[in-house]
Chemist: 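Dropping the structure in here first, questions after.
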2 protein chains.
Amino acid sequence: MNISLLDKQQLKSGYLLAALGEPEFDAVLERSTVRALAQGERLFDQGDPCTHFFFVLSGIIKLCRVAPSGEEKVMDLVRQGYYFAEAVMFMGGHYPVHARALEAARVVALDNQRFLELLRGNSDLCLRMMSTMSRRMHGMINEIDHLTLHSGAQRVIGYLLEQLPDDVAPPSVRLLVPKHVIASRLGIQPETLSRVLARLRGEHLIDVHDDTIVLNDVEALRRLS
Amino acid sequence: MNISLLDKQQLKSGYLLAALGEPEFDAVLERSTVRALAQGERLFDQGDPCTHFFFVLSGIIKLCRVAPSGEEKVMDLVRQGYYFAEAVMFMGGHYPVHARALEAARVVALDNQRFLELLRGNSDLCLRMMSTMSRRMHGMINEIDHLTLHSGAQRVIGYLLEQLPDDVAPPSVRLLVPKHVIASRLGIQPETLSRVLARLRGEHLIDVHDDTIVLNDVEALRRLS
DNA sequence: AGAGGCGCTTGATATAAATCAAGGTGCGCC
DNA sequence: GGCGCACCTTGATTTATATCAAGCGCCTCT
């Protein structure tokens, strides 16, 4: 599928490509395509040869690993306006995770070869790329920290605080994905997530209405996380 | 402390700087210093302003986080010939972990500002840097995977196999750091590590002599990991 | 309308790993 | 020498979380 003007604008507004001039930007687009994915559709599997990286135009992409047992760990949930798999191109080879559309989604697939050519001659773009990668690494360090040094309940609270937009009153979070996906993201079972939320509700720290969670005492929650 | 010729050679043989020509390499060295650290000595703390990244000439550097409770999680153990904290410079700000010398160590401290200048004009160096960062990210993905999808015993086995040099017979691993450090690295308690090793010993899958572990059945261990 | 399926919750039970506790070994140091 | 101190091991107990199981509300499809 070809790329509409609107898509182009969205793509260019992302941090990574904002550094590019018109001719370079067009050069990237030349070999880029838009992929529309149905709910649950596969974008790539772990181990697939890595040829492209991606930008999310709409919808949510789930990046996950699956254990031999079939159990699945959600590594990341990528939303509109974010990139993913951009770091893989530097090791070539294969995608280290599976990518699935959690809901109907549209992504831009950017050609690795073409982009590497561009990087070779544009160290400003390189620095942006490295900044993006660095940010991602910090996120992973925090994730490892949380998985090892914090309890399940603490990770849940941390997730809620992380998702909290800083402009809403009362402070509240919309869960945009099914709870069992969030549980996997946090490395706990759905039952455990349910119980943690029930406990927090019992302590009047939060209120739950469908997929909206109101944080009644952000300070107290912050102390607990 | 100044940099000896031998140190220079070691530094230059690392992947990252191997791309540099003589004048550029000298430019990097100009603002670099060698730091000798005693056992247990602090190199930097989490939150310290990030001004340098490092290369290990000798000894072992421990990168860790510590929980409010005081409990410590070893994020990485950096050996001779490897870099660390090189990705932090792109986000500026602060070190995300503590760095300590596990044993007496010598490191080269490379000035971030100077290195960034160099990167700005050298996209070949940029690509090497990105490759290094990409490799590190893959390691972190695997770490998160292991922490969530594998049991303590499986992580221990995975660690042993990872450390296994591929040229020794019989297949064996020298633990170069105290066992409680490895336990923290794996996200388990020292007692648990001890028990796992005892169990594997009981099943004749490994033999333990002091800090050397002989893997009697690599294939079987690989199946278990 | 009824059947089936999915997502979620709640309860009962099981289990891996942490914690608590004690003892052993080796080592530096007074 | 012998005392204190890491480091490690092993046993007993506790605890957080997973697992198993059942039930509910909601949606879709026939």
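Quick note on labels: first sequence line is chain A, next is B, and so on, each numbered from 1. Note that the structure is a prediction, hence the values are computed from the model and not measured. The basis for the numbers below is simple: all heavy atoms, side chains too, and nothing from hydrogens, waters or symmetry mates.
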Chemist: CD of A:E71 versus P of D:dT17: gap in Å, rounded?
Modeler: 15 Å
Chemist: In terms of heavy-atom contacts, does CZ of B:R42 have more than 12 from other residues, nucleotides or ligands at under 6.0 Å?
Modeler: yes
Chemist: Is it true that B:F44 and B:F54 have ring centroids separated by less than 6.0 Å?
Modeler: yes
Chemist: Side chains of B:K12 and B:L17, heavy atoms from C-beta outward: is any pair under 4.5 Å?
Modeler: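 B:K12 does not reach B:L17 side chain to side chain.
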Chemist: Take a 6.0 Å sphere around CZ of B:R174 and say whether it holds more than 12 heavy atoms from other residues, nucleotides or ligands.
Modeler: no
Chemist: Passes side-chain contact (heavy atoms from CB on, under 4.5 Å), A:L205 versus A:R199? Steps please.
Modeler: CA-CA 9 Å; A:L205 290 169; A:R199 215 197 67 212; over 6 Å; no
Chemist: Can you measure A:H209 atom NE2 to C:dC8 atom C1' for me and round it to whole angstrom units?
Modeler: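 A:H209 atom NE2 is separated from C:dC8 atom C1' by 17 Å.
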Chemist: Send over the distance from B:L197 CG to D:dT9 C1', rounded to a whole Å.
Modeler: 11 Å
Chemist: Do A:R185 and A:Y159 form a cation-pi contact, if we require the NZ or CZ to be under 6.0 Å from the six-membered ring centre and within 45 degrees of the ring's axis?
Modeler: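 No; the conditions do not both hold, so A:R185 does not lie above the ring face of A:Y159.
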Chemist: Whole Å only: how far is the CD atom of A:Q39 from the C1' atom of C:dG7?
Modeler: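 Roughly 13 Å, once rounded to whole Å.
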Chemist: With ring centroids as reference points, do B:F53 and B:F115 lie under 6.0 angstrom apart?
Modeler: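 Close enough - the centres of the two rings lie under 6.0 Å apart.
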Chemist: Which residues in residues 172-192 of chain B have at least one heavy atom lying under 4.0 Å from any atom of DNA chain D?
Modeler: B:P178, B:K179, B:H180, B:E191
Chemist: Could you give the CG-to-C1' distance, from A:L193 to D:dT19, as a whole number of Å?
Modeler: 16 Å
Chemist: Can you sort out which residues in residues 145-158 of chain B have a heavy atom within less than 4.0 Å of DNA chain C? Ascending by number, please.
Modeler: B:S151, B:G152
Chemist: After noting the C-alpha distance and the side-chain angles of B:V108 and B:Y83, does the key distance pass the side-chain contact (heavy atoms from CB on, under 4.5 Å) rule?
Modeler: CA-CA 9 Å; B:V108 183; B:Y83 295 90; over 6 Å; no
Chemist: Any donor-acceptor pair under 3.5 Å between the side chain of A:R195 and the base of D:dT19?
Modeler: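 In this structure, the two groups form a donor-acceptor pair.
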Chemist: Taking atom P of D:dT10 as reference, at what distance in whole Å does atom CZ of B:R199 sit?
Modeler: 14 Å
